[in-house]
S.K.: 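Have a look at the structure that comes next, please.
When a ligand or atom number is given, it counts from 1 through the structure's own listing order. One is the number of the first residue; the rest follow in order along the sequence. This is a predicted model, so every value here is computed, not measured.
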Amino acid sequence: MLVSAKEMLTKAKAGKYAVGQFNINNLEWTKSILLTAQELNSPVILGVSEGAGKYMCGYKTIVGMVNGMLEELGITVPVALHLDHGSYDGALACIEAGFSSVMFDGSHYPIDENVAKTTELVKICNEKGISIEAEVGSIGGEEDGVVGAGECADPDECKMIADLGVTMLAAGIGNIHGKYPENWAGLSFETLDAVQQKTGDMPLVLHGGTGIPAEMIQKAISLGVSKINVNTECQLAFQEATRKYIEAGKDLEGKGFDPRKLLAPGAEAIKATVKEKMELFGSVGKA
Ligand code: 13P
């Protein structure tokens, strides 16, 4: 059964580790992530952007697929199904469809509007026992057409949003979606420290997990990050393994064209990436 992300993140914050949010794109992605979480006895959050939601035929299809897998793969670790960077309407649609967690990204609105919309969604999520993530200070880079400049969050605005009763809070600290540029200045630990001081026990979320060096991840966790989002890294691992399979001509041998064979190296590569991240984040054995 899908669970809210509240309990797993409260435990993570107290235990000084982070739970990974891995974004899903299709059945293979979802299966690889769930099997790895189960094997490592780790809690996990499946992230779905609005674009990926459309790609997978809509939120109800995703809820059906994930619930089916939980049962038929015998998944017993805590799993949250979470809308990533949702709009107000997207969040409502996911709540309706059976997601156990949503993010409302109001970071592009003036703070008053972000507060107003987040307040309304917190009320609905609380009534249904669904966790809700809010965002202050946009995450840089481009994700599904949402482009952010990557500014650092204002710690006072973070406190304002945290006090609305959200479950977890994403604060921009110089992080970027996708690959980091050569001249990236790194995470602003000063901002993170100030945000944690203002928001206390609130689990903080680090977006743009792809390509952040291990020591920065560890330092971020020590400063209150309890959820880390990873998307591009699984895509790159899948792409590289699939490319190797084709370049080695394996699709031309025997039944190598069978999608169950063609997609297998990519699925295995996703498992390896998820394992590596769970080990780095410290969530192994924490289910
Ligand atoms: P990356 O694609 O950089 O890993 O970012 C993922 C993310 O933050 C999803 O919200």
S.K.: Suppose we call two aromatic rings close when their centres sit under 6.0 Å apart. Are Trp29 and Phe22 close by that rule?
M.R.: no
S.K.: Which of the atoms of ligand 1 are close to Val230, meaning less than 4.0 Å from one of its heavy atoms?
M.R.: 4 (O)
S.K.: Within the 4.0 Å heavy-atom shell around Thr210, which atoms of ligand 1 are there?
M.R.: 1 (P), 2 (O), 3 (O), 4 (O)
S.K.: Verify the distance criterion only: is there a donor paired with an acceptor across the side chains of Asn229 and His207 at less than 3.5 Å?
M.R.: yes
S.K.: I'd like to check whether His177 has a polar contact with ligand 1, where a contact means an N/O of the residue lying under 3.5 Å from an N/O of the ligand.
M.R.: yes
S.K.: Using the test side-chain contact (heavy atoms from CB on, under 4.5 Å), find all partners of Glu120 that sit at least two apart in sequence or belong to another chain.
M.R.: Tyr88
S.K.: Which of the atoms in ligand 1, numbered in the order shown and given with their element, are less than 4.0 Å from a heavy-atom of His207?
M.R.: 8 (O), 10 (O)
S.K.: Can you tell whether the side chains of Glu50 and Lys54 come within less than 4.0 Å, N to carboxylate O?
M.R.: no
S.K.: Quick one about Glu133 and Thr167 (side-chain donor to acceptor, distance below 3.5 Å, no hydrogens or angles considered), yes or no?
M.R.: no
S.K.: Pull out every atom of ligand 1 sitting under 4.0 Å from any heavy atom of His85, numbered as shown with elements.
M.R.: 10 (O)
S.K.: Which salt bridge (charged side-chain N to carboxylate O under 4.0 Å, His left out) pairs, counting each pair once, include a residue from residues 189-210, with sequence neighbours left out?
M.R.: Asp156-Lys198
S.K.: Considering the heavy atoms of Thr232, write down every atom of ligand 1 situated less than 4.0 Å from one of them.
M.R.: 1 (P), 2 (O), 3 (O), 4 (O)
S.K.: May I ask you to list the atoms of ligand 1 that are less than 4.0 angstrom from any heavy atom of Gly178?
M.R.: 1 (P), 2 (O), 3 (O)
